[in-house]
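Beneath this line is the structure, given in structure tokens, with notes to follow.
Computed from heavy atoms alone, side chains included, the values below leave out hydrogens, waters and symmetry copies.
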Amino acid sequence: MPIARRSKIRQRLLIMLITGIGGMAAAAISFASAVYDAAHPTPTVSAAKGEAIDTGRWLVTINGATMASVPPTGTEPFEPKRFLMVELDLDNRSVASSNAFMNLITIKDERAIASPKPVYYLARDKWIASAINPNMPEKLIAVWEWPGNRPEPQKVSLSIAKQIYKPHDNLYGAPNWFDDGEAAVIEIGVTQDPGSTGQ
């Protein structure tokens, strides 16, 4: 085998070896970082009723929670149902209209309900909310249908999600907002609506 060809093969093997070692080192650092983060979690921030919570993209204020037999539309369901309704103020701090608040609030104990995602209603016209405009705060009502086989809560713990803005994402190099864990947890008392019979 010619010397020049042997030299090229050695160079390729050396490049493959260096690339492999670099890849293994990157994987080891990533794994060690994940283990460290899991062993040293960021402490949960607690928020209070009426306190503005900065989630990055949104400014959220939880104002109250109520159990009711009628949703915000005022239309009574054909079959008796119970609804957990959480009143909140929501301010879009980004530069574009968005409906990304649909995943913003979850009940901390998801076993309590069939679906962890609420339906959001505009408080001003009692209809399902769509995109919220920037710098135009809205009063909303987040509504969960409460399972009939679960006792109605005296209080509820809500998790408020956080988002972070990246001018260049890792996939397309485009600007976007991305989930970034939990901004805060708020525990709030639940009142009964005047027509409630409870369970």
Side-chain angles (χ1 to χ4, degrees), residues 15-16 18-63 65 84 86-124 127-144 156-188:
I15 289 170
M16 289 171 60
I18 291 170
T19 304
I21 291 172
M24 290 189 335
I29 290 169
S30 177
F31 178 75
S33 176
V35 169
Y36 180 85
D37 289 345
H40 301 86
T42 304
T44 301
V45 176
S46 294
K49 175 181 172 180
E51 177 184 345
I53 302 165
D54 183 356
T55 73
R57 187 176 200 166
W58 307 95
L59 203 59
V60 183
T61 305
I62 304 293
N63 297 318
L84 172 64
V86 174
E87 298 170 12
L88 62 133
D89 294 333
L90 189 64
D91 189 0
N92 181 354
R93 303 171 69 206
S94 68
V95 296
S97 299
S98 173
N99 65 353
F101 58 86
M102 301 296 179
N103 299 321
L104 192 61
I105 302 172
T106 55
I107 296 177
K108 195 73 171 163
D109 182 6
E110 292 182 359
R111 295 171 301 171
I113 50 172
S115 174
K117 292 184 182 180
V119 177
Y120 288 87
Y121 294 83
L122 289 169
R124 59 182 156 85
W127 198 241
I128 293 175
S130 56
I132 303 295
N133 297 317
N135 300 314
M136 294 180 69
E138 286 281 4
K139 289 189 178 296
L140 300 180
I141 306 169
V143 179
W144 290 263
V156 66
S157 183
L158 302 172
S159 173
I160 314 298
K162 181 170 55 170
Q163 288 188 313
I164 187 171
Y165 179 79
K166 289 185 178 180
H168 305 286
D169 67 26
N170 297 338
L171 190 57
Y172 299 109
N176 209 343
W177 288 90
F178 297 90
D179 293 337
D180 190 36
E182 195 173 62
V185 172
I186 176 170
E187 189 170 80
I188 188 170

Got a second to check how far [X]'s [atom1] is from [Y]'s [atom2], nearest 0.5 Å?
{"X": "Ile105", "Y": "Leu90", "atom1": "CD1", "atom2": "CG", "answer": "7.5 Å"}
{"X": "Lys162", "Y": "Thr55", "atom1": "NZ", "atom2": "OG1", "answer": "9.5 Å"}
{"X": "Glu182", "Y": "Ile53", "atom1": "CD", "atom2": "CD1", "answer": "10.0 Å"}

Legend entry - Minimum-distance pair of heavy atoms, taken over all atoms of Val86 and Ala65: CG2-CB, 4.1 Å
Legend entry - Exercise: identify the closest heavy-atom pair between Asn63 and Gly50: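 For Asn63 versus Gly50, the nearest heavy atoms are OD1-CA, 4.2 Å.
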Inset, instruction - Would you check, one step at a time, whether the test side-chain contact (heavy atoms from CB on, under 4.5 Å) holds for Ser159 with Thr106? - result: CA-CA 5 Å; Ser159 173; Thr106 55; 3.6 Å; yes
Inset, instruction - Would you please name every residue forming a side chain to side chain donor-acceptor pair (under 3.5 Å) with Lys166, sequence neighbours left out? - result: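 For Lys166, no residue satisfies side chain to side chain donor-acceptor pair (under 3.5 Å) once neighbours in sequence are set aside.
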Legend entry - Residues that Asn92 engages under side chain to side chain donor-acceptor pair (under 3.5 Å), provided they are two or more places apart: Ser94
Any heavy-atom pair between the side chains of [Y] and [X] that's under 4.5 Å?
{"X": "Leu140", "Y": "Leu122", "value": "yes"}
{"X": "Ile107", "Y": "Leu158", "value": "yes"}
{"X": "Val143", "Y": "Pro118", "value": "no"}

Taking side-chain contact (heavy atoms from CB on, under 4.5 Å) as the test, write out the residues that go with [X], two or more places apart.
{"X": "Ile164", "value": "Phe178, Asp180"}
{"X": "Asn103", "value": "Lys117"}
{"X": "Asp179", "value": "Gln163"}
{"X": "Ala52", "value": "Leu59, Thr61"}

Show me the pairs that pass salt bridge (charged side-chain N to carboxylate O under 4.0 Å, His left out) and involve [range], at least two apart or across chains.
{"range": "residues 127-138", "result": "Arg124-Glu138"}
{"range": "residues 47-61", "result": "Asp54-Arg93"}
{"range": "residues 96-107", "result": "none"}

Inset, instruction - Return the set of residues passing ring pair (Phe, Tyr, Trp, His ring centres under 6.0 Å) with Phe101 (not counting sequence neighbours), or none when no residue passes. - result: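 Phe101 satisfies ring pair (Phe, Tyr, Trp, His ring centres under 6.0 Å) with Trp58, Tyr120 only.
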Inset, instruction - For Glu87, enumerate each residue passing the salt bridge (Lys or Arg N to Asp or Glu O under 4.0 Å) test, keeping only those at least two apart in sequence or located in another chain. - result: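 Partners of Glu87 by the salt bridge (Lys or Arg N to Asp or Glu O under 4.0 Å) criterion come out as none, since no residue qualifies.
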